[in-house]
Amino acid sequence: MTRITATAFLLLLCVQASASDGTRTHNIGIGAGYVTGYGISYRHWFPSDWGLQVNFAPYYSKTEYSEERNLSLGITGLKVIHGAETVNLIGYAGASILYDYDLYTYNYEYPNEEIETTNTTYTFGGGPGFDLRFWHLSFNAMFGIRVSTDSNDEVHMDITGETALYYSFD
């Protein structure tokens with residue numbers, strides 16, 4: 001099953017269908033997914049029906065007893081497989097990094113002990129999706145396969161889903 005899905009994904013990305021669609025060049029919005037990362041999202045479409053998407057979300061919080069840092073960064077390549085005025089069928093392939101750091105200086109069991117945890121997750125994947133456009137707004141949903149590894153060197157392969165909502169400046 002996995003080989004069939006991977007082969008279908010590669011065929012989908014290799015199709016060079018030239019589409020006269022209504023894709024707008026510069027898009028900004030919010031996105032979330034395992035492969036794309038999450039946060040503020042910028043998407044740029046090139047005239048050749050190829051696109052590039054970047055998602056970014058920093059987070060920092062510090063209190064008297066804890067400190068938390070989190071960073072999500074994802075980059076994704078996009079290709080219009082078939083285009084129409086309001087809907088595009090697209091293929092995507094991308095990667096993301098999720099960094100998480102926590103420091104707790106107080107807990108009930110050991111009152112003066114600091115507990116520090118760090119985890120970095122790397123995720124790669126891709127698949128098909130669609131881009132639904134109306135006015136200057138665009139809703140995007142993609143699904144596929146992902147492979148991820150974290151600080152414990154555990155490797156996971158699973159299905160994935162990505163989604164985003166964009167506003168176009170063009």
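Computed from a prediction, not measured in an experiment: that's the story for all the values here.
- Smallest separation of non-hydrogen atoms from L78 and L52: CD1-N, 4.4 Å.
- Counting non-hydrogen atoms of other residues, nucleotides and ligands closer than 6.0 Å to CG of L137 gives a total above 12.
- No donor-acceptor contact under 3.5 angstrom links the side chains of E68 and S61, judged on distance only.
- The CG atom of L165 sits 10.5 Å away from the CG atom of N27 when rounded to the nearest 0.5 Å.
- At a threshold of 4.5 Å between non-hydrogen side-chain atoms, the residues R133 and N88 count as touching.
- The two residues G31 and A164 make their nearest non-hydrogen contact at CA-CB, 3.8 Å.
- Contact check for D102 versus D100: side-chain heavy atoms found under the 4.5 Å cut-off.
- Ring-plane geometry between H44 and Y42 is classed as parallel, the angle between the planes falling under 30 degrees on a 0 to 90 degree scale with a further cut at 60.
- The aromatic ring centres of Y167 and F169 sit less than 6.0 Å apart.
- Side-chain atoms of V80 and W45, non-hydrogen and from C-beta on, do get closer than 4.5 Å to each other.
- Closest approach of T121 and S148 over heavy atoms only: CG2-CB, 4.3 Å.
- In terms of modelled atom types and a separation under 3.5 Å, the side chain of E162 and the main chain of A141 share no donor-acceptor contact.
- Between the CG atom of D131 and the CE atom of M142 there is a distance of 9.0 Å, given to the nearest 0.5 Å.
- Proximity of V155 to V147: side-chain heavy atoms (C-beta onward) are separated by under 4.5 Å at one or more points.
- Atom CG of N55 is separated from atom CG of L73 by 8.5 Å, given to the nearest 0.5 angstrom.
- In this structure the side chain of Y92 never reaches within 4.5 angstrom of the side chain of Q53, judged on heavy atoms.
- Open room surrounds CD1 on I30; 12 or fewer heavy atoms of other groups in view lie less than 6.0 Å from it.
- Smallest separation of non-hydrogen atoms from A57 and Y38: CB-O, 3.2 Å.
- Residues passing the side-chain hydrogen bond (donor to acceptor under 3.5 Å, both in side chains) test with T63, sequence neighbours excluded: S66.
- The backbone N or O of S151 sits less than 3.5 Å from a side-chain atom of N119, completing a donor-acceptor pair.
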Can you check side-chain contact (heavy atoms from CB on, under 4.5 Å) on D49 and K79, steps first, answer last?
CA-CA 6 Å; D49 289 336; K79 172 69 174 149; 3.8 Å; yes

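- Side-chain contact of H136 with Y166: a donor-acceptor pair under 3.5 Å is absent, judged by distance alone.
- Note that CZ of F130 is 9.5 Å distant from OG of S138, once rounded to the nearest 0.5 Å.
- F139 has its side chain within reach of T163: a pair of non-hydrogen atoms, C-beta onward, lies under 4.5 Å apart.
- M157 and I97 fall into different hydrophobic clusters, where Ile, Leu, Val, Met, Phe, Trp and Tyr are joined by side-chain heavy atoms under 4.5 Å apart, directly or via other members.
- The structure places CG of N140 at 8.5 Å from OG of S41, a figure rounded to the nearest 0.5 Å.
- For the atom pair R146 CZ and S96 OG, the distance stands at 9.0 Å (nearest 0.5 Å).
- Under the side chain to side chain contact (heavy atoms under 4.5 Å, CB included) rule, Y34 has a single partner from I159, L98, T160, which is T160.
- Y99 and Y101 have parallel rings, their planes meeting at less than 30° on a 0 to 90° scale where 60° marks the start of perpendicular.
- Under the 4.5 Å side-chain heavy-atom criterion for grouping Ile, Leu, Val, Met, Phe, Trp and Tyr, I75 is connected to F46 within one hydrophobic cluster.
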